[in-house]
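Right, one structure below, let's go through it.
Residue numbers begin at 1 in each chain, while the letters A, B, ... track the order of the sequences.
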Amino acid sequence: MRNVILPGRYTLLLKLYIARVLVFILLISGIPLMAISSNEDVKAVKENPSHNDLQRGERFFKGLLPKDRTFESCVSCHILSKPDTMNWNPSAMDIALKYVGKDFADFQTAVMQPSGKKIEASHKDFKIEDEDLKKVKMYLDELASTGPPAAGPTINQLANFVLLIVLMILALLDLIFFHKIKYRLITVLILMGSLGFQVKMITEAAIGLGRSKDYAPDQPIKFSHKVHAGDNRIDCKYCHHTAEFSKSAGIPAMELCMNCHALVREGSRSGKFEIAKVLEANETKKPVVWVRVHNLPDYVFFSHAQHVGIAKVDCNKCHGPVKEMDIMRQHSDLSMGWCINCHRETKVNFKDNAYYDSYLKLHDQLKSGKLDTVRAVNIGANDCARCHY
Amino acid sequence: MYKTDIRGKLIDGDKSLTQISQDILAPIDAKTPTWWYIAMAVSLMMFAWGARSIYVTLTVGIGSWGQNNTVAWGWEIINFVWWIGIGHAGTAFSIFLLILRQKWRSSINRAAEAMTVAAVICAALFPLIHMGRSWLFFWVFPYPNTRGPLWVNFNSPLFWDFVAVSTYLLISASFWYFGMVPDFATIRDTTKSKIKRAVYGFFAFGWTGSSKEWLRYEGLAFVLGGIAAVLVVSVHSIVSTDFAAGIEPGWHSTIFPPFFVVGAIFSGFAMVLTLVTLMKKLYKMDDFITANHVDAVCRILVFISLIMGTAYITEIFIAWYSGSEYEVFTFFRNRITGEYAYQFWFMFIFNALLPQLFWSKKVRHNIWIVFAISICINIGMWLERYIIIVTSLTKDFLPANWAEYHPTMVEIGFYVGTIGMFSAAVLLFFKYIPQIAIHEVKMISKYNTQQFDHLKPGHHDYE
Amino acid sequence: MNEKYLVGVFDDEHTLVDAFEKAIEKGVVIEEVYTPYPIHEILQGMKTRTHITHAAFFYGLLGVILLHGGMYYAAVLSWPMQFGGKPSNTFPSFIVVAIVGTILTITLLTLLTFSVRSKIYPGRKAKIIDIRATDDKFIILLNQDNMGIEKDAIIKLFRSNGASEVYEKDANTTDKQLSNEL
Amino acid sequence: MKTYWRSIEELNNPKELRREEVREEAKQKSMLLKGDQELNASSRRDFLKTFGFSIAAASIIASCKRPVDKAIPYLMKPDEVTPGIADYYSTSYFEGNEYGSILVKVRDGRPIKIEGNTISSVSQGGTSARIQASVLNLYDDARYTGPSKKGNKITWEDADKEIKLLLDSMHSNRDKVVLLTSTIISPSTHEAIREFVEKQANTEWIQYDPVSASGLLQANQVSFGAKIIPDYRFEKAKVVVSFGADFLGTWLSTVEYTKSYTAGRQLQDGRKEMLRHYQFESGMSLSGSNADVRFPIKPSEEGAILLALYNAIAKAKGGMVLPGVQSSIDISDLAKDLLENEKQSIVISGSNDVNIQLLVNGINQLLGNYGQTIRLENPLLIKQGIDQDIDRLLSEMKSGKVKALFVWNANPVYDHPKGNKFGAEIRKLGLSVSFSEYPDETTAACQYILPESNYLESWNDFEPKAGIFSLAQPVIAPIFDSRQPQVSLLKWVGKEINYRDYLQNYWKENQFHQQKEISDFKQFWNMKLQGGVFETQLESKLNYSPDGIKQAASRIKSAGSGIEMALYESIAIGNGKYANNPWLQELPDPVAKISWDNFAAVPVAYAEANGLKNEDVIRVNGMELPVFVQPGQAKDTISVALGYGREIAGKVGDHTGKNLYPFVGEEDGNRKYFISAAKVDKVPDKTYNLAISQTHYSMEGRSIVSETTLNEYIKNPVSGNEREVEDLAKAVTLYKEPVYNGHHWGMAIDLNSCTGCGNCAIACQAENNIQVIGKEQVRNRRIMHWLRIDRYYSENPENPKVSFQPVMCQHCGNAPCENVCPVEATPHSEEGLNQIAYNRCVGTKYCMNNCPYRVRRFNWFQYVKNEKFDFASNSDLGRMVLNPDVTVRSRGVVEKCSMCVQRIQEKKQLAKLEGRPIAEGEIKTACAQSCPGNAIVFGDLLNPESRISKLFKDKRNYHLLEELHTLPSVGYLTKVRNTNA
């Protein structure tokens with residue numbers, strides 16, 4: 001993956017620029033370039049085991065071997081592809097990555113003499129020869145360096161778009177030259193319909209640009225907000241404890257996790273595997289690198305303190321039903337209009353906060369009844385420089 | 001009714017209707033002359049330089065131009081206003097002369113309108129590219145969006161400009177196009193080439209020349225003519241507010257809207273003259289574009305030139321009379337005298353004095369002098385915009401900010417590119433589109449034959 | 001539909017107008033007249049009238065109301081902002097945009113109206129009666145099913161008034177296919 | 001459930017992607033952070049941990065979507081760090097002979113901004129441009145990443161071992177070892193060096209200042225028996241006479257002097273008196289441009305004038321008149337003025353000539369200034385180098401006497417007049433060690449480079465004035481593999497100690513006992529560390545003795561003939577140590593308004609006579625220099641700045657300007673900063689581009705900087721400001737004036753207090769992520785500084801009056817710029833701010849044209865992450881200095897002063913959280929906070945009690961271009977000159 005480059009703004013800008021140019025092109029010429037995929041193979045770093053070994057390992061993993069197997073196949077729990085829903089078992093890739101640097105004995109112990117209720121229960125019937133397990137390890141090591149198999153091809157917007165263009169051209173040709181279709185209304189309808197559909201696609205793509213509502217990336221640890229905030233009723237601000245007084249709500253430090261996980265070492269569903277990552281991070285002093293779910297552009301300054309600490313906005317209002325989310329996802333679209341319209345409606349706690357004492361004119365208007373309530377917009381919440389500076 | 005005995009013949013050569021069609025369509029059917037290819041190649045080369053300049057601008061940034069913190073506008077706005085001014089001629093020609101029932105316009109208005117469309121497209125490129133982030137140009141348009149919605153600033157002259165220029169482009173293009181529809185039908189019906197018949201047939205939109213069509217066509221012309229007349233005045237008035245609504249000394253002036261409109265028509269007519277003399281000479285359209293036509297345009301130019309001179313003097317007078325030290329400085333120490341005196345006086349001579357030569361009939365009838373003066377006026381009008389933009393911006397209120405402005409090769413290339421684009425468009429027009437409105441000429445040809453068919457060609461005396 | 005037409009071809013405007021006026025006088029029902037340029041006598045003589053100018057006026061009215069309403073909504077109701085110490089309802093500024101915008105509305109809608117009413121639009125195939133009508137001939141077209149008076153009288157009338165040709169034509173025959181030179 | 005992916009890579013290969021990203025990040029970090037020991041230590045400002053919740057936007061090509069952002073939490077969150085909230089730590093700055101007690105703003109572990117420490121009696125909350133810009137030095141790409149030997153990497157252990165071995169052998173051979181440093185004012189470092197010098201046989205410690213106060217120190221040795229620099233108290237003076245000393249710009253403790261000078265001159269709150277300032281100088285210095293009476297003189301005339309002044313005063317006082325050369329200037333008025341203000345005057349000289357300084361001492365003694373305006377209790381210590389020492393070192397090296405040289409914070413190869421010889425001699429040495437943080441001309445000659453930590457990474461203490469101490473603490477763990485030199489020195493003589501402990505022990509034994517209030521050392525230490533300073537009152541036992549003055553007078557030479565070239569330190573670059581700091585390089589010289597170069601300032605008359613104009617080239621004694629025609633340049637003089645022409649400084653500083661150090665002369669063993677009888681000729685047909693950011697000198701008779709004299713002002717407070725009154729009376733408007741509900745932010749600038757030093761411009765640059773654009777673009781008049789200082793000349797071009805005026809966005813109530821933006825990118829806020837939403841701007845630039853103040857700036861290019869603009873923001877390290885609270889602007893958008901709206905928002909939020917109104921003075925813009933002249937006041941105009949409201953009611957208050965009725969929120973207070981008239 002040569003393409004991974006340094007973090008920073010320039011690439012972002014470049015990409016936004018490219019994206020905008022694309023939308024611009026889309027808008028004026030109707031030529032879609034929605035998704036161009038490139039799938040580069042990652043060169044395996046270590047020496048290659050023989051193809052045969054790998055194949056055998058893969059077959060074992062996928063349950064094709066041994067033929068007289070009485071137990072579940074590995075892949076039935078440790079799935080290879082990206083799941084659509086929370087799969088509590090560590091994925092094949094997860095395991096591969098964990099054991100890629102470790103020797104076979106560790107792996108064997110983990111598979112054959114596992115510790116932890118859940119894994120013990122599911123692995124108890126395992127009967128695998130050492131030789132075969134070695135092949136499985138080889139396969140997994142290979143997997144770690146090549147990545148999971150590519151997902152099947154997706155019909156993307158591009159195809160639809162091109163199809164519509166072809167349709168439109170045909171309709172136009174017919175309308176002007178061939179007149180094969182008897183009723184002109186049909187061709188006109190086809191034209192209008194295709195055009196309308198394309199406009200809709202472009203508009204949606206344009207609006208969706210930079211938006212990521214329902215974005216729910218895979219996290220390095222299968223951390224479930226449902227388990228923590230929902231089932232165990234941990235207060236949001238226990239972990240995100242700076243929300244009330246800092247701009248950032250804060251992602252809890254790994255040591256905070258240890259407050260509970262020093263004792264809780266095994267999950268009812270995930271077993272030990274996921275929690276072990278927390279422990280490992282603490283031991284190795286390598287913090288977990290989470291994928292950010294809620295991203296605002298660099299030119300937007302949002303302060304949790306203002307909203308949570310001062311305005312006392314409920315977390316759910318923006319983040320949605322976090323207590324029901326196994327996989328954290330972006331609930332609101334975080335568009336500017338979404339902010340602005342909330343500011344237009346939200347009432348300000350004007351009387352109780354002595355800060356607002358200096359707003360003499362508004363107090364007068366309140367007294368004289370000119371204004372029934374002071375809303376955020378009245379005190380300039382929709383000024384540009386509230387968020388953009 | 002047009003009095004041929006007083007005003008001279010509208011077209012020469014006592015042509016039959018078929019002859020008119022044939023003569024006007026000759027360039028379309030005839031073999032393309034070599035000079036055309038040479039001219040086209042030169043134009044395309046210029047255009048390529050312009051395209052490269054635009055590429056550089058878009059990839060490197062506006063920094064590739066010569067502007068700075070003090071002089072934030074330069075050649076791009078000068079050229080924009082210049083092109084828009086030229087783009088005024090077509091509509092002004094068609095509309096004003098239509099309203100004034102000047103039948104002689106028929107020979108020229110097609111060319112003028114074509115020039116308008118090309119010039120406005122050239123003009124529109126400048127404000128588009130000069131934006132720091134051109135790719136976001138659509139933000140200028142008030143469309144519902146997910147930002148609140150966030151609309152646009154209706155107070156901004158640039159928004160007015162955006163509306164005015166895009167409207168003007170749309171209207172002048174459609175005005176021009178619908179004027180050509182009957183002529184395309186004529187080509188369709190007279191050509192021998194199958195391809196041409198199919199292509200021009202498509203562009204003729206199924207025109208047959210039936211009375212129903214002509215009836216509505218006349219109605220449409222009436223409506224479009226009526227409102228486009230307003231547009232001619234409004235567009236350059238709005239362009240002038242780009243300056244008049246600013247507070248810069250030398251900009252903030254109520255004289256600007258009429259001054260700009262007149263100036264635009266002036267430069268436009270000069271460009272028409274340039275073009276028409278070329279048409280006359282290159283395509284031997286002397287029968288349609290007679291000395292009379294040139295004569296008439298020259299007379300109009302004399303008149304407008306007087307207005308221009310008056311406007312210049314008025315501006316200077318008002319600057320003195322206002323007592324504003326900034327205005328006085330700009331006009332007296334930065335235009336009449338000072339660093340930009342050369343440009344100012346060249347502008348004054350080219351625009352206010354040189355056209356006065358047209359008082360002389362000899363000059364009016366010498367096509368080469370007419371051509372030269374028309375070019376001078378084009379240069380003079382460019383200098384006028386230069387004077388307005390550069391002198392005001394370089395030395396405004398706080399002397400600490402005074403800065404110089406010099407264009408870079410990128411800007412020059414961009415300008416040359418638009419000239420190339422314009423001339424390429426004009427060449428295409430010469431080659432593929434009837435240069436003169438055939439049906440209109442046919443209509444006026446009757447004034448030559450109907451009442452005065454006893455006159456033999458060549459026997460007729462002018463005036 | 002296979003209609004038969006009678007076509008009168010004239011060489012110039014005067015003869016056409018003469019014949020046209022005389023034919024109308026005699027009660028001839030004229031289907032259509034094709035000319036290379038508009039001739040006012042004919043346009044008046046044919047009974048069709050157009051209201052395209054009235055339509056344009058209403059389009060203008062619509063434009064003014066929509067534009068002012070839109071701008072008022074955007075600048076005052078939807079999101080009032082302060083610019084340069086001016087009130088958010090800057091009516092004079094709205095006028096500028098409204099004028100130009102109205103002109104645009106009128107133009108586009110009038111063009112559309114013209115296009116729809118005259119059936120002049122891209123891709124339309126011309127129904128050509130006589131191909132010379134767009135060049136130098138003036139054509140009067142009569143529908144033989146409904147001509148008002150006898151065919152022979154009409155032919156005579158045309159001939160006597162300077163028609164260079166009179167012929168019959170089937171509606172489904174293609175252009176330039178002269179039929180029955182009379 | 002629907003899952004979304006953001007990139008093809010993530011879809012296909014999320015784990016690998018993540019691993020790649022993590023790997024990439026780790027690589028980045030390890031590049032920044034060599035040595036894992038720092039990771040394990042739980043020191044609170046640990047880099048990796050404080051790197052903490054920063055967003056590493058690991059971005060992926062080939063996707064329309066935005067890149068996947070990463071969030072890395074703290075492993076163990078330090079208690080005092082809250083992501084998103086800045087911490088301030090007090091520390092001290094002392095480099096290049098400039099001292100400041102400072103607070104460092106640390107945001108998420110990165111020091112990003114420097115503020116003055118208000119409790120220091122020396123810098124009093126003020127900073128200078130160089131102090132402001134010093135934070136960028138921390139993130140200099142040129143810094144050494146670790147120790148090296150002859151260009152090859154070496155570990156600290158090996159280096160220590162090898163050097164120790166060599167030192168031991170030298171010790172036994174009693175070979176001479178020299179430690180060459182710049183002036184060191186750290187008491188604990190003195191102690192460390194003392195230990196080193198004691199234990200290592202035959203070791204000499206030489207302090208060396210490239211621009212020295214050697215003459216002054218020696219003169220005071222004669223007059224007072226101690227090599228001291230007295231403590232000047234300008235606020236107590238009524239008359240200040242300076243002979244070539246640019247005490248507001250570069251001479252000694254400038255921030256302190258600016259503070260006290262402006263305190264003595266400000267006329268707010270009805271004050272009716274101000275000090276009068278006379279300046280004798282050749283070039284137009286910052287002090288000279290602020291002077292009420294300025295005498296352009298040749299540098300060689302100084303002695304004669306001083307002698308005449310001495311004699312005039314002595315005569316009036318009935319003292320002895322000294323024989324000597326005659327003065328060309330009549331100083332009787334000045335003498336009279338001084339005599340009228342006995343004990344309330346200060347006479348200073350910037351000369352390095354002992355005789356001249358002795359005369360100055362004599363005059364001050366005659367006037368009774370000692371003990372009054374010039375105090376000896378807490379003498380200034382920031383320059384201690386004696387020029388003879390370094391010259392002796394050179395000759396000793398030549399003779400082979402010196403066997404080893406340790407260079408610390410000194411760069412004699414560049415800034416010694418015989419630098420090349422120095423370099424050659426160093427190369428011959430058996431052992432040469434440089435402790436330099438950055439590569440320079442001297443490190444190139446040294447064998448070992450053992451980089452010291454940046455001052456923001458180090459423990460230290462300072463004693464800028466005797467008895468006035470301050471502490472320095474690291475605000476970030478060392479970014480590179482660096483070590484404080486004190487630790488090295490101690491280590492080599494067998495003392496392994498962490499410098500923090502050493503420092504603490506030292507303070508426990510010394511400073512702790514100098515106070516009685518706190519009995520617990522821990523408490524004392526924490527308090528002083530938090531506050532940053534520890535100040536004690538000393539008593540002076542020094543007495544003036546008139547020894548040598550007679551001899552001095554006889555040694556004064558008469559003025560030389562021919563053209564003299566004066567050499568000076570420029571405001572921005574100083575002695576050249578900071579040549580690689582792009583902020584400083586781009587800061588226009590306050591007077592000449594030239595950045596990125598030094599130049600030959602020639603007098604107007606000379607230029608006319610010789611057909612010279614700006615950017616021509618002249619040859620002065622063989623060196624080609626670009627010409628700048630400087631009004632006020634004394635006849636027959638040329639001034640050129642030192643500190644330029646670095647050969648090895650880094651990508652920014654290399655080869656900017658010319659190195660003038662080789663021209664520095666010598667007289668009586670001391671450096672002489674001018675050359676007599678310079679041979680000047682014009683280089684025909686050659687020009688040199690100068691980045692001049694203001695080309696027009698005159699106000700053209702417009703009322704831009706309102707001015708009056710003190711006498712006029714006392715008679716009529718409105719004087720000089722009549723235009724404002726008239727305009728206000730005439731003002732008519734269509735619209736009602738804007739109404740504000742909660743706040744109306746405003747700013748008042750007292751032109752009487754503004755010295756034009758340029759600190760505000762750099763403070764603004766640091767706070768608001770303003771980009772450096774380079775010489776060519778500055779020359780194209782595209783400088784990005786949101787706050788510029790306009791400089792105008794009036795009256796006689798040979799000796800003009802100078803007016804400075806800081807201009808930033810005026811935040812007009814009727815802002816012309818707002819109207820013309822088509823896309824609503826710049827509307828007016830409810831709090832009176834003229835806003836600009838960068839992300840909405842499409843870049844039509846109309847607002848720039850329509851701003852009569854021309855304060856809007858355009859991003860003509862992409863200035864960040866662009867190879868073509870390789871200054872501060874092209875590397876990851878350089879971008880660390882960016883303020884995360886301010887957007888980095890992209891190409892094609894307009895930007896301008898926001899009145900530090902991020903600070904306003906921060907404090908408003910704090911007030912709301914605490915449920916209280918905003919306190920007066922709580923919000924300070926970057927420019928106002930660090931202004932050494934207290935010239936800028938920011939506040940809420942709706943609060944009638946606020947300082948700003950009072951200043952807006954001051955009769956001197958006016959608005960720039962009032963007649964345009966733009967209703968600015970920025971007010972200016974008339975400049976008052978205290979001329980004799």
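Judged as a salt bridge (charged side-chain N to carboxylate O under 4.0 Å, His left out), and not counting sequence neighbours, the contacts of D:Arg903 are D:Glu115, D:Glu767.
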Report the C-alpha distance between A:Phe245 and A:His304 in whole Å, list the side-chain angles of each, state the deciding distance to 0.1 Å, and finish with yes or no for ring pair (Phe, Tyr, Trp, His ring centres under 6.0 Å).
CA-CA 7 Å; A:Phe245 55 90; A:His304 275 90; over 10 Å; no

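Interface remark: A:His241 contributes side-chain atoms only to the contact with chain D (heavy atom separation under 4.5 Å). Neither the backbone nor the side chain of D:Glu914 comes within contact range of chain A; no heavy atoms are under 4.5 Å apart. Contacts of A:Tyr389 with chain D are made by both backbone and side-chain atoms, with heavy-atom separations under 4.5 Å. Using a 4.5 Å cut-off between heavy atoms, D:Leu910 does not touch chain A at all. In this structure, chain A has a heavy atom under 4.5 Å from the side chain of D:Gln905, while its backbone stays farther away. With a threshold of 4.5 angstrom between heavy atoms, A:Tyr356 approaches chain D through side-chain atoms but not through N, CA, C or O. Heavy-atom distances place both the backbone and the side chain of D:Ser829 under 4.5 Å from chain A. Residue A:Asn378 touches chain D through its backbone alone, counting heavy-atom pairs closer than 4.5 Å.
Among residue pairs with one or both ends in residues 239-248 of chain A, those qualifying as salt bridge (charged side-chain N to carboxylate O under 4.0 Å, His left out) are A:Lys237-A:Glu244, A:Lys247-D:Asp885; sequence neighbours excluded.
No hydrogens or angles considered: a donor-acceptor pair under 3.5 Å links the side chains of D:His828 and D:Glu818.
Using modelled atom types, no side-chain atom of A:Ser246 and backbone atom of A:Ala243 make a donor-acceptor pair closer than 3.5 Å.
Using cut-offs of 30° and 60° for the angle between ring planes, the D:Trp745 and D:His743 rings count as parallel.
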